[in-house]
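These notes are about the structure you will find just below.
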Amino acid sequence: MSLAQVHHISAAAGDESAEGRFTAVGRGVTAALLAELEPLFAYALPDGAPHRPTDAELRSLPQAFTYAVLSDGSRVVGRTAPARGESSAPVRFHTHAVHIPVGVPLPGDRLPVEAWRSPHWATVTPAGGASLSDPLGALPPGPAPVREGLDDFAVSRGPWLAAVLADLRRASEEPPPAGGPVVLLERRSADVARWLGLAAVALPRESAERLTFTTYTRRPGSSALRVVGVAPEDAAAAREAGLRVHVCADRPPVDGTGDVWARTAARVWRSRAPELFQEARGLPGDPFAAGPLAVVALCAGVGLGSEERAAAAAWAAERPYALDAKRTGQLVEALTSPGIDDRTGSEFDAVGRLFGALDGRCPAPVTAPLAAMLVTEAVRGGNGSLELPRRDAFVGPEGEAIAGVLGPEILTELESGAGGSRPVARTVQLLRVARLLGMNTRELLPDVATRLAPALLRETKAETEGPEGPEGYAGPGRPEEAPGPSGASKPPAAPAFAPALLELLDEQFDVRTALLGALDRIAPEDPGAVARFLERVALPFTGTQALPHLRMCAEAPGAMTTLGRDRTALWHRVLRAAGLSPFAEPLVLRTAAGLVWEDRAPTVEEARLLLEAATSDAHRAAGTWSRLADAALGAPADAEKAESLAHDLLRAFPQEIGGRERAALQLLALCRDLRTGAPEPGWTDRVRTLRDRAAPLEPPVQERAFTALAERLLAPDRPGAELYAFVRSDDTDLIATYDRAARTELTRTRLRTQPAYAADCFTVWTAHPHAGPAWTATAAALLEEVLRPAVRSMAAELVAEVEETVGRTGSSGRANAFRDWNRSRALGRLGRRIVGRVRRG
C-alpha cells in the first residue's frame, strides 16, 4: 500500500516574521495528527551556526532523523534537514516524513532505522504536493542500508559499546523505564543513527521496533522519545535534566557496565561478526540472557571475558541437549584454551557444572580437557567450591600425566607450615585431589588436621555471623528458632566444607583423633564458636578421649533448646557435661561462662543481671567482666540503660578496664550526663577526645555520643563556648550528625513556632563562614533546606519577630543580612516567573 507522506517547513531561528507550516499532507493524516507531528519536526540550530551559511556549511549542519509512535498507535518516520531559504530567512528546516498506520509494517518489513540512509528523502516540497519517490519503499533489498560500515563504526566506538548497548536494551523494554531518554552525544548526527543501527542488529526485532528515537535535538529533557542524539554543547543541559548521557565524542569512559549481555554483544560487534546475533536468537533462553550469545561467540572464535565465558558454560550446563557434537566440541575447546589467563571462581564453578552435565553424555576425549582444567584449578587456583570430576575420569595416561605434574605441588603445600592460615576448603580440596589422583598422604594427615582446627572455627564464624548475629547456638538469651514443619527447631545450615571434611574424618582415624584434640584445647578461648561449629558439623565423639570442653560445647545447643532462658540451669548442665570437676580442670569455668553468656553480644538487660548476680571479685577471677563491657559497647544505639551500665562498670572494675574500652565506656557515661545532667565544661572537646582514644570505636557508641552532643548543641540553652568548639572542630562525622539532628521534626517544629529559636539558629548558621568546609557546607544547606521552609511557613508578625530578635541579639548588620536572605528566594521566584512570561510571549 502507498503510505501517506508529509512535508513541513520550519522557520529559521530569529525569524519572527515567518512561521512553520505544512506544505504537503498525504491522505489519512488528520489535523489532530498534524498537531502532534509539528513538535516532532521542530529544529534548533546548534550553537555557533552561521546566519548565512555556505553550501558546505549548510550540508554540515546536523539532520534529525526521527522515529516516533503517535497517540493513536500509528508511527512516523521522518527526516528534518536544513535547507536554503529566502533572503529574509537564509536557512529553513524542511521535514519529509512518512506516516505508517496502525498495524501496517514498513515496506519490505524493514526496521525504521534502515531508512536513515535512503537517498529519497526530499529537501524541498515536490511540485504539486505529491512525493516523487517513497523514501521507505525505494530502499534496496537486503541488510545493506543499515549495516554498511557499522563494523568499522563499532570498532571505533569500542570503549562505549557495552554501556550504550546496555542502556539501549533497557530503553527498548515495555513499559519503557522511567528517567527520560537515553542521550547519545556525537559530533555528527549520522553517528547517532549508526548507534541505532548497531542496536537494531543486536536487539530482537520487537525490542528494536519499540526504540523510538531522533538523531538530533536541542531539548533532550523534554523529549518523549526513548533515545535522542545531541551535540556536545547540549551535554550539560542533558545531565542537569537527570538523563543518562553517553559522551561518545570525547575520552573513553573509565567505568564499565554490569550487563553481561551488553558486554558480550559489544565483543561480537568489535569482532565484526553481527551475524551471530541472529544465530544466538535461534537458541533457547531469554532473549537478553548472555548465555546463548556467549556460546555462539565462543564457538565462532570470538574472545570473551570471564563473566561472559561463565555465562556460556552455565547456559550449556543447563541445556546440554541444545548443542550438537560439533558446537559442543568448539565450546569446550574455547573454554579450556591455554591462552586464557583471567578465569575467575564463578567461571570455574560454571565449567564444573558443565562437566557434570556432559560427563557420560559425550565421549571422554571431549570432556577430558574440562576434567584436567578443573583439577589443575583445584590445586593451583585454590577454588575450594569446585565440583571435581569422578575418580575414573583420569583412568589411563591422562590421570598419570596430571598426577605426575600436580602430585609434588600437593605434597609441598600440605607439608608447609602455612596450614594455620590456609582456608579450610583449600586444605580439604588438596586432600580430595590427592585421593582422586591415588597419592599416599597418610603420614601428613595428623599434622594437617591439627593445623586445620582453628581454621574450622574461624570460617564457621565468618559464615554464620551476619547482620543479625550468629545463627544456631548463640547463648541462652537468643530468640528461639522458628519451628520447622514437624514442630521442631530447624537445624542450622552446615558450612560448605562440612561434607568433604566428614568424609575425610571417616576415612582417616588419625586425622579425626588429632583434630578433636586440637579443638578441645582451643575451646575455652571461644566456646561459642566451637558450639556453633559442632552444631553444624556433627563430629564423631567416639573412642577413649576425654574431650571435656568439646563435650560441653556439644551439650550447650540442646540444653538451651530444653532450658530456654534459664541461665542457671544451663550453667549447671554444661558443667556436668564436662565429666571433670572444675578443681581438676579450672578452665571449664571459663568455657561454661562463655557458653552461658554468649548471645551474639549480651544485651544490656542481660549484662545488668549478670553484674548483679555475682560480686566484682568473682567476675575478676573468672575474667568474665570483659563480657559485661562488651555488652555495653555492643548495644544498639537505641538500647536503654547502656549509659548507666557503662557508668557502673567503670566504678566496679577501675583497674581491669583500660585502653580503648575504657575510653569508649567513658564516652557512654558522658552521654548520660549530656542527656540528663550538667556535664563539666568542655564536653564538646571531651567527646572528640574520647572518640579518638576509643578507636576503632563501635558505631552504635559513636552514634549515641554524637547524637547526644548534637541534640545538646541544638537545645535553646546550649553554652556558647561549647558551640564555638564544635564549629571550629570541622569534624566531618560530628557535623554530619548535627545536620541530621537539625533536620528532625523536633527542631523543625521549634523553628516554625519559636521565633527566638529561629533567630538563634540563623545567627549560628551564618556566624562562622570561615570555620571549615564541612561546617560551611552544612550550615548553608541547613539555611536553605531547614530554616528557609520554616520561616516561609511563619506568619508575617512571626517573621518580623525573628528579624527583630536577630538584630537585638546580634547587630543591625545581621538583621539586614536576615532580611536580604529572607527576600532572596522570593525575588528569585518572581524573576523566574517574569522570564517565563517573556519566553512564552
Side-chain angles (χ1 to χ4, degrees), residues 453 456-457 460-461 463-465 468-484 486-495 498 516 519-543 545-603 605-614 618-619 622-624 627-628 630-631:
L456 293 173
L457 304 185
T460 300
K461 181 178 181 180
E463 284 190 29
T464 59
E465 290 196 359
E468 300 300 325
E471 300 174 1
Y473 174 78
R478 178 202 62 171
E480 295 183 1
E481 294 280 353
S486 63
S489 296
K490 180 180 178 182
L516 293 177
L519 286 170
D520 191 71
R521 288 191 295 273
I522 65 176
E525 302 303 323
D526 195 352
V530 176
R532 284 189 290 274
F533 170 71
L534 295 178
E535 194 177 15
R536 286 159 177 79
V537 184
L539 295 183
F541 288 1
T542 58
Q545 289 178 280
L547 306 175
H549 304 284
L550 278 189
R551 297 185 190 279
M552 295 171 69
C553 294
E555 181 71 16
M560 193 193 72
T561 302
T562 303
L563 303 174
R565 297 175 180 271
D566 190 345
R567 298 193 317 275
T568 303
L570 180 60
W571 169 274
H572 293 295
R573 182 162 171 175
V574 296
L575 278 177
R576 286 196 302 268
L580 293 176
S581 166
F583 298 99
E585 179 61 43
L587 282 179
V588 297
L589 291 175
R590 182 183 299 177
T591 302
L595 291 170
V596 173
W597 293 353
E598 182 181 82
D599 183 14
R600 300 176 235 185
T603 65
E605 291 76 10
E606 291 169 344
R608 172 63 64 185
L609 291 174
L610 292 172
L611 182 61
E612 296 173 355
H619 286 297
T624 53
R627 297 185 182 275
L628 307 178
D630 291 342

| request: For P524, enumerate each residue passing the side-chain contact (heavy atoms from CB on, under 4.5 Å) test, keeping only those at least two apart in sequence or located in another chain. | output: H549, L587, T591
| field | Minimum heavy-atom distance A523-C553, with the two atoms named | value | CB-SG, 4.2 Å
| said: Restricting to non-hydrogen atoms, name the atom on P527 and the atom on G594 that form the minimum distance, rounded to 0.1 Å. | reply: CG-CA, 3.7 Å
| said: Testing the basics here: between L570 and A559, what is the closest heavy-atom pair and its distance to 0.1 Å? | reply: CD1-CB, 3.4 Å
| note | Sorted by chain and residue number, the side-chain contact (heavy atoms from CB on, under 4.5 Å) partners of A569 (sequence neighbours excluded) come out as L563, D566
| note | Distance col, row T460:OG1 vs L456:CG, nearest 0.5 angstrom, shows 6.5 Å
| request: Identify, with sequence neighbours excluded, every residue that meets side-chain hydrogen bond (donor to acceptor under 3.5 Å, both in side chains) alongside E525. | output: R590
| message | Looking at every non-hydrogen atom in both residues, tell me the closest pair between A531 and P557 and how far apart they are. | response | O-CG, 4.2 Å
| Heavy atoms, side chains only, cut-off 4.5 Å: are L519 and L457 in contact? | yes
| side-chain contact (heavy atoms from CB on, under 4.5 Å) involving A498 - partner list, sequence neighbours excluded | A494, P495, V537
| remark: One should read off an interatomic distance between F541 CZ and L550 CG, to the nearest 0.5 angstrom, of 4.5 Å
| Is it true that a side-chain atom of R573 and a backbone atom of M560 form a donor plus acceptor pair closer than 3.5 Å? | no
| request: With sequence neighbours excluded, tell me which residues meet side-chain contact (heavy atoms from CB on, under 4.5 Å) with A577. | output: E555
